[in-house]
Amino acid sequence: MKNSNVDTLKTWVEESDKIVFFGGAGVSTESGIKDFRSVNGLYHQKFDYPPEEILSSSFFYGHTDYFYQFYREKMLALDAEPNAAHRKLSEWEQAGKLSAVITQNIDGLHQKAGSRKVYELHGSTLRNYCQRCSAFYDGWHIQNSKGVPRCTCGGLIKPDVVLYEEALDEATLMGSIEAICDADLLIVGGTSLTVYPAAGLIQYYRGNRLVLINRDETTYDDRADLIIREPIGQVFAQL
Ligand code: CNA
């Protein structure tokens with residue numbers, strides 16, 4: 001693949017030291033985790049209920065058994081490994097070039113690649129808490145449990161994932177906004193930019209180097225200074 005836009009991005013990366021990356025499910029498809037809205041994504045598969053409904057707070061409390069069946073099978077990917085995009089972002093942070101990764105993903109792959117400053121807008125499948133006593137359980141506990149996972153105190157365990165109908169964590173949101181306001185290069189990748197308020201965050205960027213790396217078109221394409229339509233892992237492998 002020879003793409004002059006990748007060369008431009010490479011130059012911009014070299015010239016920047018406050019890079020912010022804002023990403024979504026497309027960042028992890030090359031790690032083998034399905035996204036929601038691509039042709040192969042979960043939203044194009046058939047379930048008893050639409051995935052948006054299953055992944056809502058009211059569904060979690062109303063149909064907890066079904067929620068966990070879907071969640072274990074479709075959302076947990078504890079064996080997945082970071083790809084070139086996750087690894088490069090971690091390298092940039094260590095080199096003092098990147099100030100934050102902001103992700104809508106819940107798979108923990110940025111941290112697995114070594115990134116430290118990661119704003120997880122939608123939480124993480126790696127953390128789970130008892131709704132009664134707040135005891136912590138890891139992802140494997142949920143993966144290996146049967147039916148509805150319960151705490152030793154009898155309370156219901158809930159993933160630390162922001163479900164539809166739930167609000168985002170205020171501190172995570174504020175930290176993300178500050179990082180974007182201060183960024184000299186904003187790279188947005190692997191996201192359909194359709195889930196709010198997360199998608200609206202890129203409006204806080206004040207610079208003139210907004211890069212979109214996404215396979216499909218997005219409604220923010222006309223605001224981008226550079227667009228790359230290649231698989232994001234392959235793009236990062238060249239940077
Ligand atoms: P989405 O709406 O499924 O969009 C993904 C976008 O990524 C699409 O526009 C694709 O074209 C694009 N894409 C897919 N693969 C690649 C690739 N290899 N290279 C470049 N572009 C690619 O996902 P969003 O993140 O925008 O939606 C937000 C939801 C999805 C969040 O709430 C997540 O929690 C949720 N989600 C997360 C995961 C995960 O943690 N890995 C997996 C599935 C869904």
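Remember, it's 1-based here, ligands and their atoms both numbered in the order they're listed.
With respect to atom 33 (C) of ligand 1, the closest heavy atom belonging to the protein is Gln104 O, 3.1 Å. At the shortest separation from atom 40 (O) of ligand 1 among protein heavy atoms lies Ile106 N, 2.7 Å. Atom 42 (C) of ligand 1 has Lys34 O, 3.3 Å as its closest protein atom, hydrogens excluded (heavy atom only). Protein heavy atom nearest atom 41 (N) of ligand 1, with residue, atom name and distance: Asp107 OD2, 2.7 Å. The closest protein non-hydrogen atom to atom 27 (O) of ligand 1 is Arg37 NH1, 3.4 Å. The nearest protein atom to atom 15 (N) of ligand 1, hydrogens excluded, is given as Thr29 OG1, 2.8 Å; this is a heavy-atom distance. In terms of protein heavy atoms, atom 32 (O) of ligand 1 is closest to His122 ND1, 2.7 Å. The protein non-hydrogen atom at the shortest distance from atom 11 (O) of ligand 1 is Asp216 OD2, 2.6 Å.
Nearest heavy-atom pair, Glu30 versus Ile232, reported as atom, atom and distance to 0.1 Å: OE2-N, 3.2 Å.
Ser124 and Asp160 form no side-chain donor-acceptor contact under 3.5 Å, judged by distance and modelled atom types alone.
For atom 5 (C) of ligand 1, the nearest non-hydrogen atom from the set Asp35, Val161, Asn105 belongs to Asp35. Relative to atom 10 (C) of ligand 1, the option among Ser38, Gly32, Gly26 with the closest non-hydrogen atom is Ser38.
Contacts between Arg215 and ligand 1 below 4.0 angstrom, taking non-hydrogen atoms only, involve backbone and side chain alike. Residue-level proximity to ligand 1 for Asn214 is carried by backbone and side chain together, each with a heavy atom below 4.0 angstrom. By the criterion of a heavy-atom distance under 4.0 Å, both the backbone and the side chain of Ile232 are placed next to ligand 1. By the criterion of a heavy-atom distance under 4.0 Å, the side chain of Ser28, and not its backbone, is placed next to ligand 1.
Not less than 6.0 angstrom separates the ring centroid of Phe59 from the ring centroid of Phe67. Checked against the 6.0 Å centroid threshold, Tyr137 and Tyr129 do not count as a close aromatic pair.
Counted within 6.0 Å of CD on Glu217, heavy atoms from surrounding residues, nucleotides or ligands total 12 or fewer; the atom is thus considered open.
Contact atoms of ligand 1 toward Gly24: 25 (O) (distance under 4.0 Å to a heavy atom of the residue). Atoms of ligand 1 lying under 4.0 Å from at least one heavy atom of Glu30, given by number and element, are 17 (C), 18 (N), 19 (N). For ligand 1, the atoms lying closer than 4.0 Å to a non-hydrogen atom of Glu230 are 19 (N), 20 (C). Interface of Val195 with ligand 1, defined as ligand atoms under 4.0 Å from a residue heavy atom, comprises 27 (O), 28 (C). Of all atoms in ligand 1, numbered sequentially from 1 with element shown, those under 4.0 Å from a heavy atom of Ile33 are 41 (N). Below 4.0 Å from some heavy atom of Ala25 lie the following atoms of ligand 1, by number and element: 23 (O), 24 (P), 25 (O), 36 (N), 37 (C), 38 (C), 42 (C), 43 (C), 44 (C).
Note on ligand 1: Met75 sits outside its first shell, no heavy atom being nearer than 4.0 Å. Assignment of Gly190 to the shell around ligand 1 is supported, since a heavy atom sits closer than 4.0 Å. Within the 4.0 Å heavy-atom cutoff, Gln234 does not count among the residues contacting ligand 1.
Ligand 1 has no N or O atom lying under 3.5 Å from any N or O atom of Thr194, backbone or side chain. Polar contact with ligand 1: absent for Pro231 (N/O pair, distance under 3.5 Å).
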* To do: Take Arg215 and Ser38 through the side chain to side chain donor-acceptor pair (under 3.5 Å) test and state the conclusion after the steps.
  => CA-CA 9 Å; Arg215 252 179 356 210; Ser38 289; 3.2 Å; yes

